[in-house]
Amino acid sequence: MVLEMKVPSPGESITEVEIAEWLVEDGDYVEKDQAIAEVDSDKATLELPAEESGIITLKAEVGDAVAVGEVVCLIDTSAEKPEGSAPKAEAKEEPKKEEPKAEPKKAEPAKETYASGTPSPAAKKILDEKGIEPSSVSGSGRDGRITKEDAVNAVPSMGTPTGGSRGETRSKLSMLRRKVAERLVSAKNETAMLTTFNEVDMSPIFELRKQYKEEFKDKHGVSLGFMSFFTKAVIRALQMYPAVNSMIDGKEMITYDFCDISIAVSGPKGLMVPVIRNAENLTFRGVESEVKRLAIRAREGEITVDEMTGGTFTITNGGVFGSMLSTPIINPPQSGILGMHNIVERPIVRDGAIVIAPIMYVALSYDHRIIDGKESVGFLVAVKEALESPVELLMDGDVKKALEL
(Lines give C-alpha, C1' and ligand atoms only; values in the text may rest on other atoms or scores of the structure.)
Protein backbone atom coordinates (compact mmCIF):
# COMPACT_ATOMS: atom_id res chain seq x y z
CA MET A 1 0.00 0.00 0.00
CA VAL A 2 1.28 3.46 -0.91
CA LEU A 3 0.46 6.19 1.61
CA GLU A 4 0.20 9.77 0.43
CA MET A 5 1.65 12.12 3.04
CA LYS A 6 0.01 15.55 2.97
CA VAL A 7 1.09 18.79 4.62
CA PRO A 8 -0.80 19.15 7.92
CA SER A 9 -2.05 22.55 9.03
CA PRO A 10 0.54 24.06 11.41
CA GLY A 11 -1.97 26.53 12.80
CA GLU A 12 -4.87 28.84 12.18
CA SER A 13 -4.65 31.15 9.15
CA ILE A 14 -1.61 29.31 7.69
CA THR A 15 -2.32 28.17 4.12
CA GLU A 16 1.11 27.09 2.91
CA VAL A 17 4.55 26.04 4.13
CA GLU A 18 7.99 25.88 2.58
CA ILE A 19 10.22 22.81 2.51
CA ALA A 20 13.25 24.04 4.45
CA GLU A 21 15.17 20.75 4.51
CA TRP A 22 14.63 17.06 3.76
CA LEU A 23 16.10 14.95 6.56
CA VAL A 24 15.91 11.77 4.42
CA GLU A 25 16.74 10.92 0.83
CA ASP A 26 14.52 9.61 -1.93
CA GLY A 27 14.30 5.81 -1.61
CA ASP A 28 15.26 5.67 2.09
CA TYR A 29 13.42 3.40 4.50
CA VAL A 30 11.77 5.51 7.22
CA GLU A 31 10.25 4.53 10.54
CA LYS A 32 6.86 5.73 11.75
CA ASP A 33 7.09 9.10 13.57
CA GLN A 34 10.65 9.63 12.30
CA ALA A 35 11.31 13.28 11.39
CA ILE A 36 11.59 13.34 7.62
CA ALA A 37 11.57 17.08 6.89
CA GLU A 38 11.68 20.57 8.35
CA VAL A 39 9.05 22.97 7.02
CA ASP A 40 8.87 26.73 7.45
CA SER A 41 5.56 28.44 8.01
CA ASP A 42 5.21 32.20 8.34
CA LYS A 43 5.38 31.79 12.10
CA ALA A 44 7.76 28.93 12.93
CA THR A 45 9.86 26.02 11.70
CA LEU A 46 8.26 22.64 12.34
CA GLU A 47 9.29 19.01 11.88
CA LEU A 48 7.25 16.73 9.62
CA PRO A 49 7.07 13.16 11.04
CA ALA A 50 6.52 10.05 8.92
CA GLU A 51 2.97 8.75 9.30
CA GLU A 52 3.96 5.12 8.63
CA SER A 53 7.06 3.00 8.10
CA GLY A 54 8.24 2.18 4.58
CA ILE A 55 10.19 3.32 1.53
CA ILE A 56 9.81 7.05 0.89
CA THR A 57 9.47 8.85 -2.43
CA LEU A 58 9.88 12.61 -2.29
CA LYS A 59 7.43 14.75 -4.26
CA ALA A 60 8.73 18.22 -3.42
CA GLU A 61 12.12 19.88 -3.39
CA VAL A 62 13.84 22.09 -0.84
CA GLY A 63 12.56 25.64 -1.23
CA ASP A 64 9.20 24.63 -2.70
CA ALA A 65 6.13 26.40 -1.32
CA VAL A 66 3.54 23.69 -0.65
CA ALA A 67 -0.12 24.30 0.17
CA VAL A 68 -1.61 22.78 3.33
CA GLY A 69 -3.17 19.45 2.31
CA GLU A 70 -0.86 18.96 -0.69
CA VAL A 71 1.05 15.66 -1.10
CA VAL A 72 4.77 16.07 -0.36
CA CYS A 73 5.89 12.44 -0.38
CA LEU A 74 4.74 8.83 -0.80
CA ILE A 75 5.49 6.00 1.64
CA ASP A 76 5.33 2.40 0.40
CA THR A 77 4.16 0.70 3.60
CA SER A 78 4.39 -2.79 2.04
CA ALA A 79 8.15 -2.51 1.61
CA GLU A 80 10.21 -4.48 4.10
CA LYS A 81 12.94 -2.90 6.13
CA PRO A 82 16.31 -3.80 4.60
CA GLU A 83 18.44 -5.92 6.91
CA GLY A 84 21.68 -4.46 8.16
CA SER A 85 21.19 -1.42 6.03
CA ALA A 86 24.66 -0.07 5.65
CA PRO A 87 25.70 2.88 3.61
CA LYS A 88 25.71 2.07 -0.05
CA ALA A 89 29.26 1.65 -1.22
CA GLU A 90 30.01 3.36 -4.41
CA ALA A 91 31.16 0.99 -7.10
CA LYS A 92 34.76 1.63 -7.89
CA GLU A 93 35.47 1.96 -11.53
CA GLU A 94 38.89 1.16 -12.82
CA PRO A 95 40.45 4.29 -14.14
CA LYS A 96 40.48 4.34 -17.89
CA LYS A 97 43.84 4.60 -19.47
CA GLU A 98 44.06 7.94 -21.09
CA GLU A 99 45.83 8.26 -24.35
CA PRO A 100 48.69 10.69 -24.23
CA LYS A 101 47.57 14.05 -25.45
CA ALA A 102 49.62 16.11 -27.74
CA GLU A 103 51.08 18.99 -25.83
CA PRO A 104 49.87 22.35 -27.15
CA LYS A 105 52.53 24.56 -28.54
CA LYS A 106 53.53 27.19 -26.06
CA ALA A 107 53.10 30.74 -27.22
CA GLU A 108 56.38 32.52 -27.38
CA PRO A 109 56.56 35.38 -24.89
CA ALA A 110 56.56 38.85 -26.31
CA LYS A 111 60.03 40.09 -26.85
CA GLU A 112 60.95 42.68 -24.28
CA THR A 113 63.52 45.37 -24.97
CA TYR A 114 64.68 48.61 -23.42
CA ALA A 115 61.71 50.26 -25.15
CA SER A 116 59.03 48.10 -23.46
CA GLY A 117 56.72 50.34 -21.41
CA THR A 118 58.58 53.48 -22.47
CA PRO A 119 56.39 56.32 -23.74
CA SER A 120 57.23 58.37 -26.74
CA PRO A 121 57.84 62.08 -25.96
CA ALA A 122 54.32 63.01 -27.13
CA ALA A 123 52.80 60.13 -25.11
CA LYS A 124 54.80 61.09 -22.01
CA LYS A 125 53.46 64.66 -22.15
CA ILE A 126 49.85 63.42 -22.36
CA LEU A 127 50.36 60.92 -19.51
CA ASP A 128 51.93 63.62 -17.32
CA GLU A 129 48.94 65.89 -17.92
CA LYS A 130 46.56 63.07 -16.97
CA GLY A 131 48.64 62.11 -13.94
CA ILE A 132 49.04 58.53 -15.17
CA GLU A 133 52.14 56.47 -14.48
CA PRO A 134 53.58 54.95 -17.68
CA SER A 135 54.00 51.63 -15.87
CA SER A 136 50.18 51.32 -15.68
CA VAL A 137 49.74 51.58 -19.47
CA SER A 138 50.26 48.74 -21.93
CA GLY A 139 52.11 49.89 -25.00
CA SER A 140 50.95 48.81 -28.44
CA GLY A 141 53.95 50.14 -30.32
CA ARG A 142 56.96 48.27 -31.51
CA ASP A 143 58.60 46.23 -28.72
CA GLY A 144 55.87 47.42 -26.27
CA ARG A 145 56.56 51.12 -26.66
CA ILE A 146 53.71 53.42 -25.47
CA THR A 147 52.40 55.43 -28.39
CA LYS A 148 50.58 58.76 -28.44
CA GLU A 149 47.34 56.88 -29.16
CA ASP A 150 47.90 54.63 -26.09
CA ALA A 151 48.32 57.75 -23.96
CA VAL A 152 45.18 59.40 -25.35
CA ASN A 153 43.10 56.27 -24.66
CA ALA A 154 44.52 55.72 -21.18
CA VAL A 155 42.03 56.33 -18.34
CA PRO A 156 43.13 57.38 -14.81
CA SER A 157 42.37 54.75 -12.17
CA MET A 158 41.29 57.47 -9.69
CA GLY A 159 42.94 55.46 -6.95
CA THR A 160 40.45 52.57 -7.21
CA PRO A 161 42.08 49.40 -5.81
CA THR A 162 42.21 46.42 -8.12
CA GLY A 163 42.61 42.69 -7.63
CA GLY A 164 40.17 42.36 -4.70
CA SER A 165 37.26 39.93 -4.54
CA ARG A 166 34.04 41.22 -6.14
CA GLY A 167 31.89 38.10 -5.82
CA GLU A 168 28.33 37.95 -4.58
CA THR A 169 25.93 35.27 -3.41
CA ARG A 170 22.19 35.08 -3.81
CA SER A 171 19.96 33.06 -1.48
CA LYS A 172 16.21 32.74 -1.14
CA LEU A 173 14.58 34.28 1.92
CA SER A 174 12.81 31.73 4.11
CA MET A 175 9.05 31.97 4.44
CA LEU A 176 9.48 33.05 8.07
CA ARG A 177 11.91 35.84 7.07
CA ARG A 178 9.56 37.01 4.31
CA LYS A 179 6.61 37.08 6.73
CA VAL A 180 8.62 39.05 9.30
CA ALA A 181 9.51 41.55 6.57
CA GLU A 182 5.85 41.91 5.56
CA ARG A 183 4.74 42.43 9.15
CA LEU A 184 7.41 45.05 9.83
CA VAL A 185 6.55 47.02 6.70
CA SER A 186 2.86 46.70 7.55
CA ALA A 187 3.48 48.02 11.07
CA LYS A 188 5.34 51.05 9.68
CA ASN A 189 2.67 51.77 7.06
CA GLU A 190 -0.52 51.05 8.99
CA THR A 191 0.20 52.48 12.44
CA ALA A 192 0.93 56.02 13.62
CA MET A 193 4.16 54.84 15.23
CA LEU A 194 6.09 57.17 17.50
CA THR A 195 9.00 56.52 19.89
CA THR A 196 9.79 58.11 23.24
CA PHE A 197 13.05 57.67 25.15
CA ASN A 198 14.37 57.73 28.69
CA GLU A 199 17.37 56.56 30.67
CA VAL A 200 17.57 54.25 33.66
CA ASP A 201 20.16 54.18 36.43
CA MET A 202 20.69 50.42 36.83
CA SER A 203 22.74 50.73 40.06
CA PRO A 204 19.99 49.39 42.40
CA ILE A 205 19.45 46.30 40.21
CA PHE A 206 23.21 45.75 39.95
CA GLU A 207 23.42 45.80 43.74
CA LEU A 208 20.52 43.34 44.13
CA ARG A 209 21.95 40.93 41.57
CA LYS A 210 25.41 41.15 43.09
CA GLN A 211 24.04 40.35 46.53
CA TYR A 212 21.51 37.63 45.67
CA LYS A 213 22.32 36.11 42.26
CA GLU A 214 24.35 33.17 43.58
CA GLU A 215 21.78 32.27 46.25
CA PHE A 216 18.96 32.69 43.69
CA LYS A 217 20.65 30.40 41.17
CA ASP A 218 21.53 27.76 43.79
CA LYS A 219 17.93 27.58 44.95
CA HIS A 220 16.00 27.95 41.68
CA GLY A 221 18.40 26.67 39.02
CA VAL A 222 18.09 29.82 36.89
CA SER A 223 20.02 33.09 36.86
CA LEU A 224 18.62 36.31 38.26
CA GLY A 225 18.80 38.34 35.04
CA PHE A 226 17.50 41.70 33.90
CA MET A 227 14.42 40.32 32.12
CA SER A 228 12.52 39.56 35.32
CA PHE A 229 13.02 43.13 36.57
CA PHE A 230 11.98 44.62 33.23
CA THR A 231 9.00 42.30 32.89
CA LYS A 232 7.82 43.17 36.40
CA ALA A 233 8.33 46.89 35.72
CA VAL A 234 6.40 46.64 32.43
CA ILE A 235 3.49 44.80 34.09
CA ARG A 236 3.23 47.49 36.78
CA ALA A 237 3.28 50.23 34.11
CA LEU A 238 0.66 48.43 31.96
CA GLN A 239 -1.66 48.25 34.94
CA MET A 240 -1.16 51.98 35.55
CA TYR A 241 -1.68 52.86 31.86
CA PRO A 242 -4.13 50.32 30.36
CA ALA A 243 -4.18 52.10 26.97
CA VAL A 244 -0.69 50.74 26.32
CA ASN A 245 -2.07 47.23 26.93
CA SER A 246 -4.65 47.70 24.17
CA MET A 247 -5.01 47.21 20.44
CA ILE A 248 -7.27 48.39 17.62
CA ASP A 249 -9.80 46.04 16.05
CA GLY A 250 -11.57 47.89 13.25
CA LYS A 251 -13.41 50.77 14.88
CA GLU A 252 -13.02 49.35 18.39
CA MET A 253 -10.29 49.45 21.00
CA ILE A 254 -9.67 46.24 22.95
CA THR A 255 -8.10 46.63 26.39
CA TYR A 256 -6.86 43.55 28.25
CA ASP A 257 -6.93 42.90 31.98
CA PHE A 258 -4.06 40.40 31.65
CA CYS A 259 -0.45 40.83 30.54
CA ASP A 260 0.80 38.37 27.91
CA ILE A 261 4.36 39.59 27.38
CA SER A 262 6.09 38.76 24.10
CA ILE A 263 9.89 38.53 24.30
CA ALA A 264 11.94 38.93 21.14
CA VAL A 265 14.72 36.32 20.84
CA SER A 266 17.09 35.52 17.99
CA GLY A 267 16.65 32.01 16.59
CA PRO A 268 18.39 30.03 13.82
CA LYS A 269 15.62 31.00 11.39
CA GLY A 270 15.46 34.65 12.40
CA LEU A 271 13.54 36.68 14.96
CA MET A 272 11.16 34.71 17.19
CA VAL A 273 8.68 36.29 19.61
CA PRO A 274 7.41 33.69 22.11
CA VAL A 275 4.84 34.78 24.70
CA ILE A 276 4.90 34.63 28.51
CA ARG A 277 1.22 34.04 29.36
CA ASN A 278 -0.33 35.86 32.33
CA ALA A 279 3.03 37.25 33.33
CA GLU A 280 1.30 39.33 36.01
CA ASN A 281 0.86 36.13 38.06
CA LEU A 282 4.52 35.08 37.91
CA THR A 283 7.22 35.66 40.50
CA PHE A 284 10.80 36.66 39.67
CA ARG A 285 11.67 32.96 39.58
CA GLY A 286 8.67 32.22 37.38
CA VAL A 287 9.58 34.90 34.84
CA GLU A 288 13.25 33.85 34.65
CA SER A 289 12.31 30.17 34.25
CA GLU A 290 9.81 30.94 31.48
CA VAL A 291 12.23 33.25 29.65
CA LYS A 292 14.91 30.55 29.74
CA ARG A 293 12.51 27.81 28.58
CA LEU A 294 11.14 29.82 25.65
CA ALA A 295 14.55 31.11 24.58
CA ILE A 296 16.00 27.59 24.47
CA ARG A 297 13.04 26.27 22.48
CA ALA A 298 13.30 29.16 20.01
CA ARG A 299 17.04 28.73 19.49
CA GLU A 300 16.73 24.97 19.04
CA GLY A 301 13.93 25.40 16.52
CA GLU A 302 11.36 23.65 18.75
CA ILE A 303 9.07 26.61 19.36
CA THR A 304 5.46 26.08 18.28
CA VAL A 305 3.03 28.44 16.61
CA ASP A 306 0.82 28.46 19.74
CA GLU A 307 3.75 29.63 21.86
CA MET A 308 4.20 32.67 19.60
CA THR A 309 0.55 33.54 19.05
CA GLY A 310 -1.02 36.43 20.91
CA GLY A 311 0.78 38.73 23.26
CA THR A 312 -0.41 42.13 24.44
CA PHE A 313 2.99 43.90 24.71
CA THR A 314 6.56 43.14 23.57
CA ILE A 315 9.98 43.55 25.18
CA THR A 316 13.06 43.41 22.95
CA ASN A 317 16.66 43.54 24.12
CA GLY A 318 19.04 44.91 21.49
CA GLY A 319 21.56 45.53 24.25
CA VAL A 320 22.76 41.93 24.12
CA PHE A 321 24.17 42.73 20.67
CA GLY A 322 25.69 46.04 21.79
CA SER A 323 22.97 48.46 20.69
CA MET A 324 23.15 51.84 22.47
CA LEU A 325 19.81 53.17 21.21
CA SER A 326 17.16 52.15 18.70
CA THR A 327 13.55 52.72 17.71
CA PRO A 328 11.92 49.25 17.90
CA ILE A 329 9.07 48.49 15.51
CA ILE A 330 5.66 47.57 16.96
CA ASN A 331 4.75 43.88 16.81
CA PRO A 332 1.23 44.06 15.25
CA PRO A 333 -1.56 43.97 16.30
CA GLN A 334 -0.02 45.14 19.59
CA SER A 335 0.24 48.85 20.29
CA GLY A 336 3.52 49.08 22.19
CA ILE A 337 7.04 47.65 22.38
CA LEU A 338 9.81 48.41 24.89
CA GLY A 339 13.42 48.40 23.67
CA MET A 340 16.23 47.63 26.13
CA HIS A 341 19.80 48.61 25.24
CA ASN A 342 23.35 48.09 26.44
CA ILE A 343 24.43 49.25 29.88
CA VAL A 344 27.30 51.74 29.84
CA GLU A 345 28.96 53.61 32.69
CA ARG A 346 28.14 57.29 32.23
CA PRO A 347 28.48 60.45 34.34
CA ILE A 348 25.17 61.52 35.90
CA VAL A 349 24.10 63.98 38.58
CA ARG A 350 22.93 62.37 41.82
CA ASP A 351 22.15 64.44 44.93
CA GLY A 352 23.89 67.45 43.39
CA ALA A 353 27.14 65.59 42.65
CA ILE A 354 28.51 64.07 39.45
CA VAL A 355 28.91 60.31 39.79
CA ILE A 356 29.60 57.41 37.44
CA ALA A 357 26.68 54.97 37.13
CA PRO A 358 25.61 52.07 34.87
CA ILE A 359 23.04 53.67 32.56
CA MET A 360 20.67 52.03 30.10
CA TYR A 361 18.72 53.95 27.48
CA VAL A 362 15.18 52.62 26.99
CA ALA A 363 12.76 53.29 24.14
CA LEU A 364 9.00 52.87 23.89
CA SER A 365 7.51 52.70 20.39
CA TYR A 366 3.74 53.03 20.44
CA ASP A 367 0.71 53.43 18.19
CA HIS A 368 -0.29 57.08 18.51
CA ARG A 369 -3.79 56.27 17.21
CA ILE A 370 -4.83 54.96 20.63
CA ILE A 371 -1.95 55.94 22.93
CA ASP A 372 -1.46 59.64 23.61
CA GLY A 373 1.75 61.33 24.67
CA LYS A 374 0.57 61.45 28.28
CA GLU A 375 0.13 57.68 28.46
CA SER A 376 3.32 56.85 26.54
CA VAL A 377 5.60 59.16 28.49
CA GLY A 378 3.89 58.25 31.78
CA PHE A 379 4.31 54.54 31.00
CA LEU A 380 8.05 54.88 30.32
CA VAL A 381 8.57 57.02 33.42
CA ALA A 382 6.75 54.35 35.46
CA VAL A 383 9.13 51.70 34.06
CA LYS A 384 12.10 53.92 34.95
CA GLU A 385 10.82 54.52 38.49
CA ALA A 386 10.28 50.81 39.13
CA LEU A 387 13.76 49.87 37.86
CA GLU A 388 15.43 52.58 39.94
CA SER A 389 13.46 51.65 43.09
CA PRO A 390 12.93 47.87 42.65
CA VAL A 391 12.77 46.98 46.34
CA GLU A 392 9.95 49.43 47.09
CA LEU A 393 7.98 49.21 43.82
CA LEU A 394 8.57 45.64 42.59
CA MET A 395 9.29 43.68 45.78
CA ASP A 396 6.97 45.29 48.34
CA GLY A 397 9.99 46.08 50.48
CA ASP A 398 10.86 42.41 51.08
CA VAL A 399 13.65 41.18 48.79
CA LYS A 400 13.92 37.68 50.29
CA LYS A 401 10.21 37.04 49.95
CA ALA A 402 10.07 38.40 46.39
CA LEU A 403 12.99 36.22 45.31
CA GLU A 404 11.61 33.23 47.30
CA LEU A 405 14.87 32.79 49.20
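Note that these values count all heavy atoms, side chains included, but never hydrogens, waters or copies made by symmetry. A quick note: this is a predicted structure, and the numbers were derived from the prediction, not measured. In this chain, residues are counted from 1 in sequence order.
By the side chain to side chain donor-acceptor pair (under 3.5 Å) test, Ser376 is found to be paired with Tyr366, residues two or more places apart in sequence or in another chain being considered. In this view, Asp28 satisfies the salt bridge (Lys or Arg N to Asp or Glu O under 4.0 Å) rule with no residue, not counting sequence neighbours.
Side-chain contact between Pro358 and Asp201: present, with at least one pair of heavy atoms (C-beta onward) separated by less than 4.5 Å. Looking at Glu215 and Leu403, their side chains never come closer than 4.5 Å, going by heavy atoms from C-beta outward. A heavy-atom distance below 4.5 Å is found between the side chains of Leu405 and His220. For the pair Val275/Thr309, no side-chain contact is recorded, criterion being any heavy-atom separation below 4.5 Å from C-beta on. You'll find the side chain of Tyr29 stays beyond 4.5 Å of the side chain of Glu80, heavy atoms only. A heavy-atom distance below 4.5 Å is found between the side chains of Ile36 and Met5. For the pair Leu238/Phe379, a side-chain contact is recorded, criterion being any heavy-atom separation below 4.5 Å from C-beta on. The closest side-chain heavy-atom distance from Phe226 to Asn317 is not below 4.5 Å.
When each of Asn278, Asn245, Asn281 is tested with Cys259 by the rule side chain to side chain contact (heavy atoms under 4.5 Å, CB included), just one qualifies, namely Asn245.
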Take Leu224 and Lys217, measure what side-chain contact (heavy atoms from CB on, under 4.5 Å) needs, and give me the verdict at the end.
CA-CA 7 Å; Leu224 180 60; Lys217 187 170 184 178; over 6 Å; no

Run Val265 and Leu294 through side-chain contact (heavy atoms from CB on, under 4.5 Å) and show every step you take.
CA-CA 9 Å; Val265 296; Leu294 292 171; over 6 Å; no

Under the salt bridge (Lys or Arg N to Asp or Glu O under 4.0 Å) criterion, do Glu207 and Lys210 qualify, and how do the steps go?
CA-CA 5 Å; Glu207 289 298 320; Lys210 181 180 179 181; 5.4 Å; no

Stepwise, does the side-chain contact (heavy atoms from CB on, under 4.5 Å) test hold for Arg293 with Glu307?
CA-CA 11 Å; Arg293 183 186 73 84; Glu307 287 173 309; 3.1 Å; yes

Stepwise, does the salt bridge (Lys or Arg N to Asp or Glu O under 4.0 Å) test hold for Glu70 with Lys59?
CA-CA 10 Å; Glu70 189 174 331; Lys59 290 294 184 182; over 6 Å; no

side-chain contact (heavy atoms from CB on, under 4.5 Å) for Leu74 and Glu4? Distances and angles first, verdict last.
CA-CA 5 Å; Leu74 305 176; Glu4 293 183 337; 3.6 Å; yes

Under the criterion side chain to side chain donor-acceptor pair (under 3.5 Å), I'd like the reasoning laid out for Thr191 against Asp367: C-alpha separation, chi angles, the key distance, then a yes or no.
CA-CA 6 Å; Thr191 64; Asp367 190 345; 5.0 Å; no

Check against side chain to side chain donor-acceptor pair (under 3.5 Å), Thr304 and Asp306:
CA-CA 5 Å; Thr304 65; Asp306 289 341; 5.3 Å; no

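Not a single donor-acceptor pair under 3.5 Å links the side chain of Ser365 to the backbone N or O of Thr195. Put simply, the side chain of His341 gets close to the backbone of Tyr361: a donor and an acceptor are under 3.5 Å apart. No donor-acceptor distance shorter than 3.5 angstrom exists from the side chain of Arg236 to the backbone of Leu394, with no hydrogens or angles considered. Judged purely by atom type and a 3.5 angstrom limit, Lys232 uses its side chain to pair as donor or acceptor with the backbone of Leu282. Using modelled atom types, one side-chain atom of Thr231 and one backbone atom of Met227 make a donor-acceptor pair closer than 3.5 Å. Under a 3.5 Å cut-off, the side chain of Asp26 and the backbone N or O of Leu58 do form a donor-acceptor pair. Side chain of Gln334 to main chain of Thr314: a donor-acceptor pair is present (N/O by atom type, distance under 3.5 Å, no hydrogens or angles).
Closest non-hydrogen pair, Pro8 versus Val68, comes out as C-CG1, 4.0 Å. The two residues Glu16 and Ala65 have their closest heavy-atom pair at OE1-CB, 4.0 Å. Considering all non-hydrogen atoms of both residues, Pro328 and Thr316 come closest at CB-CG2, 4.0 Å. For the pair Gly373 and His368, the tightest heavy-atom approach, listed with the atom from each and the gap, is N-CE1, 3.9 Å. Nearest heavy atom pair, residue Phe313 against residue Val244, reads CE1-CG1, 3.7 Å. Here the closest non-hydrogen pair linking Ile146 and Val137 is CD1-O, 3.8 Å.
Neither side chain, Ser140 nor Glu149, offers a donor N or O lying under 3.5 Å from an acceptor on the other.
Environment of CG in Asp396: sparse, with no more than 12 heavy atoms of neighbouring residues, nucleotides or ligands closer than 6.0 Å. The number of heavy-atom neighbours closer than 6.0 Å to CD of Glu61, taken from other residues, nucleotides and ligands shown, is 12 or below. Within 6.0 Å of NZ on Lys6 lie no more than 12 heavy atoms contributed by other residues, nucleotides or ligands. Around CD of Glu404, the count of heavy atoms belonging to other residues, nucleotides or ligands within 6.0 Å exceeds 12.
Interatomic distance, CE of Met308 versus CE of Met272, reported as 5.5 Å (0.5 Å rounding). We find the CG-CE distance between Leu208 and Met202 to be 10.5 Å, quoted to the nearest 0.5 Å. The line from OG of Ser262 to CZ of Arg277 is 8.0 Å long, rounded to the nearest 0.5 Å. The structure places CD of Glu47 at 5.5 Å from CD of Glu38, a figure rounded to the nearest 0.5 Å. A distance of 7.0 Å separates CG in Leu3 from OG1 in Thr77, rounded to the nearest 0.5 Å. Glu288 contributes atom CD, which lies 11.5 Å from atom CZ of Arg285 (distance to the nearest 0.5 angstrom).
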